[in-house]
Amino acid sequence: MTTERAVAHVVGARPNFMKAAPVIDALAARQAAQRLIHTGQHYDRAMSEVFFDDLGMPEPDVNLGVGSGSHGEQTGRLMIELEQQFASSRPSIVVVYGDVNSTVAAALVATKLAIPVAHVEAGLRSFDRSMPEEINRILTDAISDLLYVTSADAMAHLGHEGIDPRRMRFVGNTMIDTLLRLKPKFDPGPIAERVGVSGDFGVATLHRPANVDSDDAALRLIDALHRVADMVPIVLPLHPRGRERLERLGLDSHEQLLIVEPLPYLAFMSLVSGSRLVLTDSGGIQEETTVLGVPCLTLRSNTERPITITNGTNQLVGNDPETIVAAAKLALSARYAPMTPPLWDGSAGVRIASDLLDYLRGRE
Ligand code: UD1
């Protein structure tokens, strides 16, 4: 990758990597100059490096090593470091992904340096401003020049916020590009054996502040997961956030609830693809299960991805154990088919690359 007037991609946290890989690939196929900036928001090997390997992503040109902290500290450090990067290398455009703190920090800094910003996965709204991601989404969309959108409802949200339609492009879903490209490599057998399940099993993930940052919420979900694990073994690759509290409250005291370390992309998606049921508070997994035809019970009361309910396998079950157990029982007795929301066809990255290069040519 060169450093001169390059397209700069900013990634920092685990869900960014699978969204960026298809755009980087498609721009590379068009011989575009690119620079990959890793903010270091996620830094454990299991949360970052292993994804670069699985996705075949190029090594970052730089890792800013920003690390963890309160929102103010982390976002502040991100902005200071990113400003230095952009000021010295003057990218032609900055591409940001998703809704993490690295996303909004990069968009703010680039815009103020008069560098155009493209936001991949624009327009998603949970309408829940207690979620840090919702604030990141609203702010990033308000100041980005190009808004690449995954679904029709997201286009409508941007319209309601008064955003000029000329900035919006409905292109599909780059995370699903990655899934479709790597799906032939998904093989549940070896990873199921490694984590110790055979026959039917479910997969769970848990990391949202609303679910793991208070004893009350955590206890309800632990109760629910234990009762679902009475029906079917559940594998739970546990995010570092909340681990201490969840373990202190007894999460790992059920022998059919198998707590494992965070998994690399291929191992995790292999497991999900072979599972009967997913319980999660993640955003991206709601989309991935839709395309794989695996029922998804979302442990939240809202979602920024309603297309996975209307055109997919997702349902919102909140954190009430009775609701969760009843929904799990039903899901385990039903059969689901893979679903493809409009334009989730594996070509979103190619559409973005082509539009981005047209846009840059138009500015010359
Ligand atoms: C971030 C995103 C969230 C996304 C999630 C995916 C924001 C506001 N949140 O949440 O939208 O769903 O990533 O994983 O950007 N930690 C480690 N090792 C790491 C990274 C984090 O141990 O490599 C621990 C630290 O204790 C840290 C905590 O996790 O304080 C939270 O990390 P942070 O990056 O602030 O947010 P996530 O909860 O990971």
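All ligand and atom numbering here is 1-based and tracks the order in the structure. Residue indices begin at 1 and follow the sequence shown.
Residues W344 and L179 fail the side-chain proximity criterion, which asks for heavy atoms closer than 4.5 Å.
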**Request:** List the steps and the verdict of side-chain hydrogen bond (donor to acceptor under 3.5 Å, both in side chains) for Y43 and N63.
**Result:** CA-CA 10 Å; Y43 42 85; N63 187 320; over 6 Å; no
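The distance from ligand 1 to the heavy atoms of S68 drops below 4.0 Å at these ligand atoms: 21 (C), 25 (C), 27 (C), 30 (O). Close approach to Q74 involves these atoms of ligand 1, each under 4.0 Å from a residue heavy atom: 34 (O), 35 (O). Ligand 1 places these atoms under 4.0 Å from at least one heavy atom of N101: 7 (C), 8 (C), 15 (O). When each atom of ligand 1 is checked for a heavy atom of P15 under 4.0 Å away, the hits are 6 (C).
Protein heavy atoms are absent from the 4.0 Å sphere centred on atom 26 (O) of ligand 1.
Closest to atom 5 (C) of ligand 1 by heavy atom, among R14, E244, H207, H71, is H207.
No donor-acceptor contact under 3.5 angstrom links the side chains of Y265 and D53, judged on distance only. A donor-acceptor contact closer than 3.5 angstrom is absent between the side chains of S214 and D216. Side-chain atoms of T298 and T303 include no donor-acceptor pair closer than 3.5 Å. A donor-acceptor contact under 3.5 angstrom links the side chains of E134 and S126, judged on distance only.
With respect to atom 18 (N) of ligand 1, the closest heavy atom belonging to the protein is D44 OD2, 2.8 Å. In terms of protein heavy atoms, atom 19 (C) of ligand 1 is closest to Y43 CZ, 3.5 Å. Taking atom 3 (C) of ligand 1 as the reference point, the nearest protein heavy-atom neighbour is E133 OE2, 3.2 Å. Summary of contacts: the protein heavy atom closest to atom 2 (C) of ligand 1 is V100 CG1, 3.7 Å. Shortest contact from atom 31 (C) of ligand 1 to any protein heavy atom: R241 NE, 4.0 Å. Nearest to atom 34 (O) of ligand 1 among the protein's heavy atoms is Q41 NE2, 3.1 Å. In terms of protein heavy atoms, atom 22 (O) of ligand 1 is closest to P240 CB, 3.2 Å.
In the hydrophobic clustering of ILVMFWY residues, with side-chain heavy atoms under 4.5 Å counting as a link, M79 and V94 come out together.
Residue H42 touches ligand 1 through backbone and side chain together, judged by heavy-atom distances below 4.0 Å.
Ring-plane geometry between H207 and H239 is classed as parallel, the angle between the planes falling under 30 degrees on a 0 to 90 degree scale with a further cut at 60. The aromatic rings of H38 and F52 sit parallel to each other, their planes meeting at less than 30°, with 60° as the upper class boundary.
Here the side chain of R245 pairs a donor or acceptor atom with the backbone of D213 at under 3.5 angstrom.
For H239, a nitrogen or oxygen atom sits less than 3.5 Å from a nitrogen or oxygen atom of ligand 1, counting backbone and side chain alike.
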